[in-house]
Amino acid sequence: MDYQTLRINYLPAVQRIQIYRPEANNTINSQLTAELLIALQMAEEDETIKIIVLEGLPDVFCTGMDFQEIADNRVGDPKSSSDNYYNICKEMTQNSKVVVSLVRGRVQAGGVGFVAASDLVIADETATFVLSELLFSLLPACVLPFLIRRIGFHKAYRLALTTQQISVSQAREWGLVDEFSPDAEKTLRQYFRRLKFLPPAGIKRLKNYSNKLWMMDAQTQELAVDTISGLVSDRQIQESIRRFVQEGVYPWQT
């Protein structure tokens, strides 16, 4: 497949998926959600792949929703795009591959959801994490179910409420990051040595069992998708985003 927002690299037993929108700070647009979901589903069907590595650019992993797409009124169906995003996170928690996020630089909003849904998170010392949605009267609706599962209710709520950035060391302390070091690639390769030997059927069973212990059901997805798609469709919020993109004016400055 000819991906426009991703770069795919195949190694023995490993598929590396790079979010590649350098012109847009690796924001998430409707094309990215469609392509990333397809890439994950295709990797699931490939029996030669044992590990999926999701990564971004050297200075930015992913900065969440593409505000330029909203400002230009190019979102299309917000519910479809939100559903795709949620399904990406769900696919990461359900398929038979070990999904590892390799994180460098900024992780914001929806990017935090990708990290939270991963089986393992390896970062370097430049990684930072922030949920900024509430600044624009949005909610991290599709992020929170996966983030709460990983770090607990109050820490996830605190990130959403304060919109404050946390460092990689604090993310490690909270459980959002599993390992961080100056050489994240070296740490990643060390994990490869053991993960390559895990049976996909066993990984699938572990994920299925773990998901039954948590609230990842159709009702949760419907609530999350309906909430964020409804907010994105709100004209007042759209206008706030447009002013921010075009004039650099935050909502509280109007």
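We number each residue from 1, following the sequence as shown. Computed from a prediction, not measured in an experiment: that's the story for all the values here.
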**Message:** Testing the basics here: between S81 and T33, what is the closest heavy-atom pair and its distance to 0.1 Å?
**Reply:** OG-OG1, 3.9 Å
**Prompt:** Quick one: is the NZ or CZ of R172 closer than 6.0 Å to the six-membered ring centre of F180, and within 45° of its axis?
**Reply:** no
**Message:** To the closest 0.5 Å, what do you measure between CG (L231) and CD1 (I237)?
**Reply:** 4.5 Å
**Request:** Check for a donor-acceptor pair, side chain of R150 on one end and backbone N or O of A116 on the other, with a separation under 3.5 Å.
**Result:** yes
**Asked** Are any side-chain N or O atoms of R205 and backbone N or O atoms of P200, one a donor and one an acceptor, separated by less than 3.5 Å?
**Response** no
**Shortest non-hydrogen contact from S96 toward K204** = CB-CB, 3.9 Å
**Asked** Between the side chains of S132 and Q108, is a donor N or O closer than 3.5 angstrom to an acceptor N or O?
**Response** yes
**Message:** When you compare the side chain of I17 with that of L40, does any pair of heavy atoms fall below 4.5 Å?
**Reply:** yes
**Polar side-chain atom of Q238 near backbone of V232 as donor-acceptor pair, under 3.5 Å** = yes
**Prompt:** Can the ring centroids of Y20 and Y3 be said to lie less than 6.0 angstrom from one another?
**Reply:** no
**Request:** May I have the step-by-step check of side chain to side chain contact (heavy atoms under 4.5 Å, CB included) for Y10 and T48, ending in yes or no?
**Result:** CA-CA 10 Å; Y10 295 93; T48 67; over 6 Å; no
**Message:** Using the rule given for side chain to side chain contact (heavy atoms under 4.5 Å, CB included), can you reason through R16 versus L11, listing the C-alpha separation, both sets of side-chain angles and the distance that settles it, and then say yes or no?
**Reply:** CA-CA 8 Å; R16 298 186 71 144; L11 302 170; 3.9 Å; yes
**Item:** Minimal non-hydrogen separation, C142 against I228, with atom names
**Value:** SG-CG2, 3.8 Å
**Asked** So, D72 versus Q68: side-chain donor-acceptor pair below 3.5 Å or not?
**Response** yes
**Message:** One thing to verify: whether D83 and K90 come together as a salt bridge, which I'm taking to mean a side-chain N less than 4.0 angstrom from a carboxylate O.
**Reply:** no
**Complete:** What one should report as the nearest heavy-atom pair of F61 and S101 is CZ-OG, 3.9 Å
**Prompt:** Are the side chains of V100 and L188 in touch, meaning some heavy atoms are under 4.5 Å apart?
**Reply:** yes
**Fill in**
dist K97:NZ -> E91:CD (nearest 0.5 Å) comes out at 10.5 Å
**Message:** Minimum heavy-atom separation for D178 and D119, please, with both atom names.
**Reply:** OD2-O, 4.0 Å
**Item:** Evaluation steps, side chain to side chain contact (heavy atoms under 4.5 Å, CB included), between V98 and K50
**Value:** CA-CA 7 Å; V98 180; K50 296 290 189 69; over 6 Å; no
**Message:** Quick test of your reading of the model: are D59 and R106 salt-bridged, counting only N-O distances below 4.0 Å?
**Reply:** no
**side-chain hydrogen bond (donor to acceptor under 3.5 Å, both in side chains) evaluation trace for T27 with N25** = CA-CA 6 Å; T27 52; N25 282 323; over 6 Å; no
**Message:** Between E179 and Y191, do the side chains contain a donor N or O and an acceptor N or O under 3.5 Å apart?
**Reply:** yes
**Asked** For atom CD of E47, is the number of surrounding heavy atoms from other residues, nucleotides or ligands below 6.0 Å larger than 12?
**Response** no
**Prompt:** Looking just at side-chain N and O atoms, do E69 and S30 make a donor-acceptor pair shorter than 3.5 Å?
**Reply:** yes
**Item:** D124 and T126: side chain donor to acceptor below 3.5 Å
**Value:** yes
**Between Q41 and N95: side-chain donor-acceptor atoms closer than 3.5 Å** = no
**Message:** By the definition side-chain contact (heavy atoms from CB on, under 4.5 Å), identify the one residue from V121, V107, I28, V99 that meets it with F114.
**Reply:** I28
**Item:** S181 side chain to D183 side chain, donor-acceptor N/O pair below 3.5 angstrom
**Value:** no
**Item:** Full working for side chain to side chain contact (heavy atoms under 4.5 Å, CB included) between L36 and M92
**Value:** CA-CA 11 Å; L36 184 51; M92 292 166 71; over 6 Å; no
**Pair S229-S82, side-chain donor/acceptor within less than 3.5 Å** = no
**Prompt:** Which value, rounded to the nearest 0.5 Å, describes the distance between I203 atom CD1 and L206 atom CG?
**Reply:** 8.0 Å
**Message:** Counting C-beta onward and ignoring hydrogens, is there a side-chain heavy-atom pair between D226 and K79 closer than 4.5 Å?
**Reply:** yes
**Prompt:** Could E35 and R21 be called an ion pair, given the rule that one side-chain N must be under 4.0 Å from one carboxylate O?
**Reply:** no
**Fill in**
Looking only at heavy atoms, the pair that brings V168 and F129 closest together is CA-CE1, 4.2 Å
**Message:** Can you confirm whether R242 is buried at CZ, in the sense that more than 12 heavy atoms of other residues, nucleotides or ligands lie under 6.0 Å from that atom?
**Reply:** yes
**Message:** Any heavy-atom pair between the side chains of Q18 and E55 that's under 4.5 Å?
**Reply:** yes
**Prompt:** Taking C-beta and beyond as the side chain, do R104 and E125 meet within less than 4.5 Å on heavy atoms?
**Reply:** no
**Asked** Between W252 and Y250, what is the ring plane arrangement, given parallel below 30°, perpendicular above 60°, and tilted in between?
**Response** parallel
**Message:** Taking atom CD as the centre, does E23 end up with more than 12 heavy-atom neighbours from other residues, nucleotides or ligands that are less than 6.0 angstrom away?
**Reply:** yes
**Heavy-atom side-chain proximity of Q164 to L159 below 4.5 angstrom** = no
**Request:** Taking K212 for its side chain and K207 for its backbone only, find out whether a donor-acceptor pair lies under 3.5 Å.
**Result:** no
**Asked** Does the side chain of L32 come within less than 4.5 Å of L6's, by heavy atoms?
**Response** yes
